[in-house]
K.L.:
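Can you read through this structure? Questions will come right after.
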2 protein chains.
Amino acid sequence: MMVNKIIVAVDTVILAIGDKGMEVFLIKIKNEPYEGCWALPGAVVQDTESLDDAAKRVIQQRVGDKRIHVKQLYSFGEVDRDVRGRSISVAYFALLSDKKLIKPMLNEQYSEMGWYGVDSLPKMAFDHADILKTARIKLTFMLDEVGVVSKLLPKKFTLSELQKVHEILSGKKIDKRNFVKKTKIDDEIVDTGEMKKGEAFRPAKLFRFR
Amino acid sequence: MMVNKIIVAVDTVILAIGDKGMEVFLIKIKNEPYEGCWALPGAVVQDTESLDDAAKRVIQQRVGDKRIHVKQLYSFGEVDRDVRGRSISVAYFALLSDKKLIKPMLNEQYSEMGWYGVDSLPKMAFDHADILKTARIKLTFMLDEVGVVSKLLPKKFTLSELQKVHEILSGKKIDKRNFVKKTKIDDEIVDTGEMKKGEAFRPAKLFRFR
DNA sequence: TCAAAAGTGTTCTGATTACACCCATGT
DNA sequence: ACATGGGTGTAATCAGAACACTTTTGA
């Protein structure tokens, strides 16, 4: 078999629901040639780890919770995607129920980190703007898939919180009564019997996924 | 950036409708350690070509028609996927309207080639059985996507041929009258005015995609 | 008492399903 | 004449969309 010199990397699209709707976690690059640009957290894949394991390693470096699932998104392999040399990137999703799960952590390569609304991204390094564009399209189709919505919510959640996730992912406003009707039918969504109290309005029932 | 020794390959899942339903084009490996096993056509990605270009190169080597589209399926990167050494494979789909588009072509590495029903695969090399399993699952979801069905049909086709593709991809039997009703509504499917003659039964109207 | 979000049903429309017989052709 | 797939309509059911007001709480 021939040998090639292509670097294999993984990049992770870490998403959570925030004030600006769907938000993505980015880090700011300190050094040339992408100084000042923002990037998805990533790493070079090691000989001894699978692609999935490399993605999990990147996530676990950034996130306190060990049980974050990653899901492969797409592989990007344009010849000029990184001006420093030929590489391919296998991109992964990681969905967080809470932005605060991210550990503050910077190093010699990254000067800053933060969350950005997917509609108001800063200047991106490499082909990471393309990766995010692809991620947004895929995410819309993933709405119905098992687990996508649940990973973006805490264990117990109100119907309004659930509805908001659906609205953000689909990009459409949903009628509350129709939405309630569907959750009533859905076996996966269970009433915990508890209420979310302490807000300046009527307490809401808390639900969970089965 | 670190250097790794991971080989980047592309493998292509070439599919067409045949007597056995969905069929996949495979080649038989001549040499150890996978002697006698069957594999998806593939190649090592070169420094100077993108992943998509590498997949197109593999397809064009095998298929007479230049205009076959490829679509990325998934990337496979288990550490032990190839006993000869560490590699990752970016798998692609290619959908053919006719099995006969394949050019007969063997070389020093491959002793045989042929089509297999996706339900009756021979002994597969590498992780290619996994790749095909993933391909089958994805294909079901791709039914509604633009172009998937059309690429598996000739330019002009009868409603029965169209229905058969839907049935094979979805794995479900469809009622003929209900199916006709839906195609009547679908703007993409146009009556050519021509008929498919010369068969031992009533001639059928020929349709095309817009 | 006010602001804010929770909670709750009915009607209409369009899409999906189920179902059976005669027709045109080549052999 | 017969075997084979082509071609056709109606009724029932189900899912999705539209639509507005009262309730509960903390401030």
Side-chain angles (χ1 to χ4, degrees), chain A residues 17-21 140-141 143-146 149 152-209, chain B residues 17-21 140-141 143-146 149 152-209:
Chain A
I17 304 289
D19 301 333
K20 306 184 201 80
T140 312
F141 290 107
L143 226 185
D144 313 305
E145 272 179 53
V146 280
V149 172
L152 289 166
L153 286 166
K155 284 200 190 62
K156 293 170 187 174
F157 51 86
T158 67
L159 285 189
S160 296
E161 288 165 343
L162 179 64
Q163 184 178 337
K164 193 177 150 205
V165 172
H166 278 264
E167 287 177 339
I168 287 169
L169 289 186
S170 69
K172 285 176 195 152
K173 200 106 191 87
I174 302 171
D175 178 82
K176 208 199 313 184
R177 282 166 293 184
N178 292 336
F179 187 76
V180 169
K181 202 189 305 173
K182 275 213 298 193
T183 59
K184 287 248 170 76
I185 296 164
D186 191 341
D187 294 334
E188 298 299 309
I189 297 161
V190 188
D191 192 337
T192 62
E194 299 169 59
M195 303 293 274
K196 181 166 193 170
K197 286 180 187 158
E199 310 243 17
F201 43 82
R202 179 172 174 178
K205 284 184 188 169
L206 284 167
F207 293 79
R208 63 177 171 80
F209 283 99
Chain B
I17 305 290
D19 300 333
K20 307 184 201 79
T140 313
F141 290 107
L143 227 185
D144 312 305
E145 272 179 51
V146 279
V149 172
L152 289 166
L153 285 166
K155 284 200 190 64
K156 293 171 188 174
F157 52 86
T158 67
L159 285 188
S160 296
E161 289 165 344
L162 179 63
Q163 184 178 336
K164 194 177 151 205
V165 172
H166 278 265
E167 287 177 340
I168 287 169
L169 290 185
S170 69
K172 285 175 194 151
K173 200 107 191 86
I174 302 171
D175 178 82
K176 208 202 306 185
R177 282 167 292 186
N178 293 337
F179 187 75
V180 169
K181 201 189 306 174
K182 276 213 296 194
T183 60
K184 287 247 169 77
I185 296 164
D186 191 340
D187 294 335
E188 298 300 309
I189 297 161
V190 188
D191 192 337
T192 63
E194 298 168 59
M195 304 292 274
K196 181 167 193 170
K197 286 180 189 159
E199 311 244 17
F201 42 82
R202 178 171 174 178
K205 285 185 188 168
L206 285 166
F207 292 80
R208 61 178 172 82
F209 283 100

K.L.:
If you take any heavy atom closer than 4.0 Å to DNA chain D, which residues from residues 191-207 of chain A end up in contact?
P.N.:
A/E199, A/A200, A/F201, A/R202, A/P203

K.L.:
Taking B/T192 for its side chain and B/L206 for its backbone only, find out whether a donor-acceptor pair lies under 3.5 Å.
P.N.:
yes

K.L.:
Could you tell me the separation between the CG atom of A/D186 and the P atom of D/dA15, rounded to a whole number of Å?
P.N.:
13 Å

K.L.:
Do B/L152 and B/I168 come close enough that some side-chain heavy atom pair is under 4.5 Å?
P.N.:
no

K.L.:
Which atom names give the shortest non-hydrogen contact between A/H166 and A/L143, and what distance separates them?
P.N.:
ND1-CD2, 3.5 Å

K.L.:
Under 3.5 Å, which donor-acceptor pairs do the side chains of residues 184-191 of chain A form with other protein atoms, sequence neighbours left out?
P.N.:
{"residue": "A/D186", "atom": "OD1", "partner": "A/E188", "partner atom": "N", "Å": "2.9"}
{"residue": "A/D191", "atom": "OD1", "partner": "A/G193", "partner atom": "N", "Å": "2.8"}

K.L.:
Has the side chain of B/K181 got a donor or acceptor that lies under 3.5 Å from a partner of the other kind on the base of C/dT17?
P.N.:
yes

K.L.:
Grab the CZ-C1' distance between A/F179 and D/dA18 for me, whole Å please.
P.N.:
17 Å

K.L.:
Check each residue of residues 157-177 of chain A for a non-hydrogen atom within less than 4.0 Å of any atom in DNA chain D, then write out the ones that pass by number, or none.
P.N.:
A/D175, A/R177

K.L.:
Taking the side chain as every heavy atom from C-beta outward, state whether A/M195 and A/K205 have any atom pair closer than 4.5 Å.
P.N.:
yes

K.L.:
Show me the donor-acceptor pairs, under 3.5 Å and distance only, between side chains in residues 173-180 of chain B and residues at least two apart or in other chains.
P.N.:
{"residue": "B/D175", "atom": "OD2", "partner": "B/R177", "partner atom": "N", "Å": "3.1"}
{"residue": "B/D175", "atom": "OD2", "partner": "B/N178", "partner atom": "N", "Å": "3.0"}

K.L.:
Of all residues at least two apart in sequence or in a different chain, which pass the side-chain contact (heavy atoms from CB on, under 4.5 Å) check with A/S160?
P.N.:
A/T158

K.L.:
Taking atom P of D/dC14 as reference, at what distance in whole Å does atom NZ of A/K184 sit?
P.N.:
20 Å

K.L.:
Taking only residues two or more places apart in sequence, or in another chain, which ones meet A/F157 in a ring-ring contact (aromatic ring centres under 6.0 Å, His included)?
P.N.:
A/F209

